[in-house]
Number of protein chains: 2
Amino acid sequence: MRSKSQNFDEIDNKLLALLQQDADLSQRDLADRVGLSQNACWRRMSRLTEAGILKGRRAVVDGAALGLDLTVFIMIRTRHHDDSWARRFRARIEAQPEIIEFHRIGGEWDYMAKAVTQGMAGYDALYKRLIIGMDLERVTGVFSMEPIFEGRPLVAPG
Amino acid sequence: MRSKSQNFDEIDNKLLALLQQDADLSQRDLADRVGLSQNACWRRMSRLTEAGILKGRRAVVDGAALGLDLTVFIMIRTRHHDDSWARRFRARIEAQPEIIEFHRIGGEWDYMAKAVTQGMAGYDALYKRLIIGMDLERVTGVFSMEPIFEGRPLVAPG
DNA sequence: GTTGAAACACCCTCAAT
DNA sequence: ATTGAGGGTGTTTCAAC
């Protein structure tokens, strides 16, 4: 049984799911919702934190309220496959605050970046900053017409 | 000046960035880092919360510690474009806990899902659960070979 | 904007069961 | 595993500048 080897059970999973949805829940609320005493619940959180599973909390901000209303996935294919170019490219990517996620990927593209911009004008500005002098083979923006959901909690398979 | 029309300044931006990176910072630490008194800093957080910009906090969990070590973006093209099919499809997607993000997208694909699975076997299982009976035209997994960064803070453009 | 202080809630620990 | 209780810490509010 895998849950045994990982040393956690359904209650831990529920705890993790709850905290990923709302880390402002008080110990009392948490304890109530998982059906444990406040004390036992706190011990579990401690264990999960020490095990490195709970890594901290982050504030959630409303992008739209900041004018960041367009989500776009940028697919990139490069002509260069040496280390020094890759480092330069990563630095370029990191310098773009609109890019909130970045992966090296398999398949017909080399990289994928997720960006959130102020409309299409914001994307265009980002695009120009991104490509200049990088000699990319191909770049295409895949636009989110409707972000149906984001940020769902990670849950350990049963 | 746009920052004036949005009624917030550099300090608010710094506050939001800090909280998005670590919401466990105490009011004292926060205040120190933005160069404000604890009191003034707290008032700003209040304003940002009431304005709906700060929407809460979420716990961050280490996926790898749960065995969730493979990130994959699933591109989907469908043959159906009516409402009732779309609703059925969304319900199917929502029933898959590995899928943590889901967009309707423009371009040559209709939907994109981001999933985190226990290796390739986990992806294969998800894939089968996903497609059965949905009559999709085309589905392809774009695998993250290396998630270079994720979860960067949203920042309002200057 | 600032400091300082008080009221309060919550967290964490401990003791006992 | 549970309850209950204490001390300590941080948050929130308020008064005065």
Side-chain angles (χ1 to χ4, degrees), chain A residues 1-62 65-66 153-156 158, chain B residues 1-62 65-66 151 153-158:
Chain A
M1 202 196 287
R2 82 174 336 287
S3 42
K4 197 178 155 201
S5 73
Q6 285 192 328
N7 262 354
F8 61 83
D9 59 11
E10 272 316 304
I11 295 184
D12 291 293
N13 269 327
K14 195 161 178 185
L15 215 43
L16 290 172
L18 285 168
L19 287 169
Q20 284 179 90
Q21 285 157 49
D22 182 3
D24 287 325
L25 288 168
S26 69
Q27 296 283 2
R28 198 167 33 72
D29 277 353
L30 269 180
D32 286 352
R33 295 192 199 211
V34 300
L36 240 53
S37 72
Q38 190 172 338
N39 215 323
C41 186
W42 179 86
R43 266 196 299 272
R44 293 212 181 224
M45 269 192 57
S46 265
R47 280 201 312 109
L48 291 168
T49 302
E50 301 208 353
I53 294 169
L54 274 171
K55 288 165 70 181
R57 305 167 213 247
R58 292 174 169 211
V60 179
V61 327
D62 183 350
L66 303 178
L154 298 176
V155 293
Chain B
M1 201 198 290
R2 83 173 338 287
S3 42
K4 197 179 154 201
S5 73
Q6 284 191 327
N7 263 353
F8 60 83
D9 59 12
E10 272 316 305
I11 295 184
D12 290 294
N13 269 327
K14 195 160 177 186
L15 214 45
L16 289 172
L18 286 168
L19 287 169
Q20 284 179 90
Q21 284 156 50
D22 182 4
D24 287 324
L25 288 168
S26 69
Q27 296 283 4
R28 163 177 310 293
D29 277 353
L30 269 180
D32 286 352
R33 296 190 198 212
V34 300
L36 240 53
S37 73
Q38 191 173 337
N39 213 322
C41 186
W42 181 86
R43 267 196 301 273
R44 291 204 182 232
M45 268 193 56
S46 266
R47 279 200 314 106
L48 292 167
T49 302
E50 301 208 352
I53 293 168
L54 274 173
K55 288 166 70 180
R57 304 167 214 246
R58 292 176 169 209
V60 179
V61 327
D62 183 349
L66 303 178
L154 299 175
V155 293

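Chain identifiers are assigned alphabetically (A, B, ...) following the order of the sequence lines, protein sequences preceding nucleic acid strands; residue numbering begins at 1 within each chain.
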Q) What nucleic acid atoms does A/Ser26 come within less than 4.0 Å of, heavy atoms only: base, sugar-phosphate, or nothing? A) sugar-phosphate

Q. Got a second to check how far B/Ile53's CD1 is from B/Asp12's CG, nearest 0.5 Å?
A. 7.5 Å

(Q) Taking A/Trp42's backbone N and O only, do any of them form a donor-acceptor pair with A/Asn39's side chain (distance below 3.5 Å, no angle check)? (A) no

Q: Nearest whole angstrom, please: distance from the P of D/dC14 to the CD of B/Gln38.
A: 16 Å

Q | Euclidean distance, A/Asp24 CG relative to B/Arg58 CZ, rounded to 0.5 Å | A | 11.0 Å

Q: Inspect the surroundings of CZ in B/Arg28 and state if more than 12 heavy atoms from other residues, nucleotides or ligands are less than 6.0 Å away.
A: no

Q. What's the CD-C1' distance between B/Glu10 and C/dG1, to the nearest Å?
A. 18 Å

Q. What's the shortest heavy-atom distance between A/Lys14 and A/Arg33, and which atoms?
A. NZ-O, 3.3 Å

Q) At what distance, to the nearest 0.5 angstrom, does CG of A/Asp22 lie from CG of A/Leu30? A) 8.5 Å

Q) Which whole-number value in Å describes the distance from B/Leu36 CG to C/dT3 C1'? A) 13 Å

Q: Give the rounded distance in Å between these two atoms: CG of B/Asp32 and P of C/dT3.
A: 10 Å

Q. Would a distance-only check, ignoring hydrogens and angles, find a side-chain to backbone donor-acceptor pair under 3.5 Å from A/Gln20 to A/Leu154?
A. yes

Q.
Nearest whole Å is fine: how far is C/dC11 P from A/Leu19 CG?
A. 11 Å

Q.
Tell me whether A/Arg57 contacts the main-chain N or O of B/Arg57 through its side chain, where contact means a donor paired with an acceptor under 3.5 Å.
A. no

**Q.** For atom CZ of A/Arg28 and atom C1' of D/dA5, their distance in whole Å
**A.** 16 Å

Provide a list of protein-nucleic acid N or O atom pairs under 3.5 angstrom, restricted to nucleotides 13-17 of chain C.
residue : atom : partner : partner atom : Å
C/dC14  : N4   : A/Asn39 : ND2          : 2.4

(Q) Side-chain N or O of A/Gln27 versus OP1/OP2 of C/dC12: is the shortest distance under 4.0 Å? (A) yes

Q. Between A/Leu30 (CG) and C/dC10 (P), how many Å, whole number?
A. 13 Å

Q. Is any side-chain N or O of B/Arg44 closer than 4.0 Å to OP1 or OP2 of C/dG1?
A. yes

Q. Which stems, defined as runs of 3 or more consecutive Watson-Crick or G-U wobble pairs with both pairing distances under 3.5 Å, involve DNA chain C?
A. C:1-10 with D:8-17, C:13-17 with D:1-5

**Q.** Rounded distance [0.5 Å steps], CZ in B/Arg44 versus CG in B/Leu16
**A.** 10.5 Å

Q.
Whole angstroms only, please: what is the CG-C1' distance between B/Asp24 and C/dC11?
A. 13 Å

